[in-house]
Structures are given as structure tokens and as C-alpha cells.
Asks: 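Sharing a structure with you now.
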Amino acid sequence: MKKIEAIIKPFKLEEVKESLSNAGIQGLTVSEVKGFGRQKGHTELYRGAEYIVDFLPKIKIELILADHDVDRAIEAIQSAAKTGRIGDGKIFVLPLGHAVRIRTGEIGESAV
């Protein structure tokens, strides 16, 4: 099993969700996060004063998948989230050692 964490632009969430659904991937967790990388933020003007916004709003998507679904999920996320501009985000794939479904007690891939 693997855990996929994807950081994307907020306005791409619906497209990514739909793309994952079309790829047969179901079940995800979404968090609103802030961060910066190469994009580095931007300067804004508020009541005549300039200030730097260095943490930009992003969306973090987390999925737990069987190994055979990982490539399909990555392709779905990448194709839907890509704008071709800086700040499109990142996808991280992490090994997952154990999963338990609380309701039934199922363990491993059957818990996913």
C-alpha cells in the first residue's frame, strides 16, 4: 500500500477529484494548507500599505491506495492539476505499513 500526498492550487480541486473518480479511484482526504516553494508569494496593497504574502493558499489531497492503483492516481492528479505555470504543486508517494478499518477491523488493503 502507498500514501499519496498531493499539493495543488485550490481552484484545481474539483478537476482533480473528477479525474480521480474517472480513473476509478475513490476515497480521499482534503485539507486547506498554506505554503510556498519557488513561487515565493507576492506583494499586495491594503489601505495604502504594501505587504508581502509569502504563504499562499494550497490544497493538500491524501489518498491511501493499493500499489497497483498508484500510477493511475498520479496520472489523474497530474493531468488535472497542471496549468504549466509555477506553483502547480507536487505529488509525494510514501510507503504505508499498516491500515485498519475501524468499523470492521479489516487489515491491510481490504481496509482501504
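In this chain, residues are counted from 1 in sequence order.
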Asks: List for me each residue that meets side-chain hydrogen bond (donor to acceptor under 3.5 Å, both in side chains) alongside K82, sequence neighbours excluded, and say none if there are none.
Replies: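 Result, side-chain hydrogen bond (donor to acceptor under 3.5 Å, both in side chains) vs K82: none returned.
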Asks: Show your working on side chain to side chain contact (heavy atoms under 4.5 Å, CB included) between K58 and K9 and close with a plain yes or no.
Replies: CA-CA 5 Å; K58 300 289 183 178; K9 292 182 175 185; 4.2 Å; yes
Asks: Assess the residue pair I4 and I61 against the criterion (side chain to side chain contact (heavy atoms under 4.5 Å, CB included)); give the C-alpha distance rounded to whole Å, side-chain angles, the decisive distance to 0.1 Å, and a yes or no.
Replies: CA-CA 8 Å; I4 295 178; I61 298 171; over 6 Å; no
Asks: Please check if the number of heavy atoms outside Q78 that lie under 6.0 Å from its CD is greater than 12.
Replies: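 Atom CD in Q78 is not packed in, count stays at 12 or less.
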Asks: Treating Ile, Leu, Val, Met, Phe, Trp and Tyr as nodes and any side-chain heavy-atom pair under 4.5 angstrom as an edge, say whether I74 and V16 lie in one connected cluster.
Replies: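 Yes, I74 and V16 fall within the same hydrophobic cluster.
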Asks: If I take atom CD1 from residue I64 and atom CG from residue L94, how far apart are they, to the nearest 0.5 angstrom?
Replies: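 Between atom CD1 of I64 and atom CG of L94 there are 8.5 Å.
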Asks: What is the minimum heavy-atom distance between K3 and L96, and which atoms define it?
Replies: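 Nearest heavy atoms, K3 then L96: N-CB, 4.4 Å.
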Asks: Looking at E14 and K17, does any basic side-chain N land under 4.0 Å from a carboxylate oxygen?
Replies: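 The answer is yes: the pair qualifies as a salt bridge.
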Asks: Indicate if I59 and V93 have the same hydrophobic cluster label, given that clusters are the connected sets of ILVMFWY residues with side-chain heavy-atom separations under 4.5 angstrom.
Replies: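 Same cluster.
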Asks: Heavy atoms only: give me the nearest I8-A81 pair and the separation to one decimal.
Replies: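 Where I8 meets A81 most closely, the heavy atoms are CG2-CB, 3.8 Å.
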Asks: Over all heavy atoms of both residues, which pair between R101 and A111 is shortest? Give the atoms and the distance, please.
Replies: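 Distance-wise, the nearest heavy atoms are NH2-O, 3.2 Å.
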Asks: Between K12 and T83, is a side chain to side chain contact (heavy atoms under 4.5 Å, CB included) present by the stated rule, with each step listed?
Replies: CA-CA 9 Å; K12 286 293 193 171; T83 67; 3.5 Å; yes
Asks: Let me check something: do I91 and L63 share a hydrophobic cluster, defined by ILVMFWY side-chain heavy atoms less than 4.5 Å apart, either directly or through other members?
Replies: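 Yes, I91 and L63 fall within the same hydrophobic cluster.
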Asks: If we only count heavy atoms from C-beta on, is the E32 to P10 side-chain gap below 4.5 Å?
Replies: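 The answer is no; the side chains never approach within 4.5 Å.
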Asks: Side-chain donor-acceptor contacts of residues 19-29 below 3.5 Å, not counting sequence neighbours, with atom names and distances?
Replies:
| residue | atom | partner | partner atom | Å |
| --- | --- | --- | --- | --- |
| S19 | OG | A76 | O | 2.9 |
| N22 | ND2 | E18 | O | 3.4 |

Asks: Taking transitive links into account, so neighbours of neighbours count too, which hydrophobic residues share a cluster with F92 at under 4.5 Å side-chain distance?
Replies: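 Once heavy-atom contacts under 4.5 Å are chained together, F92 belongs with I7.
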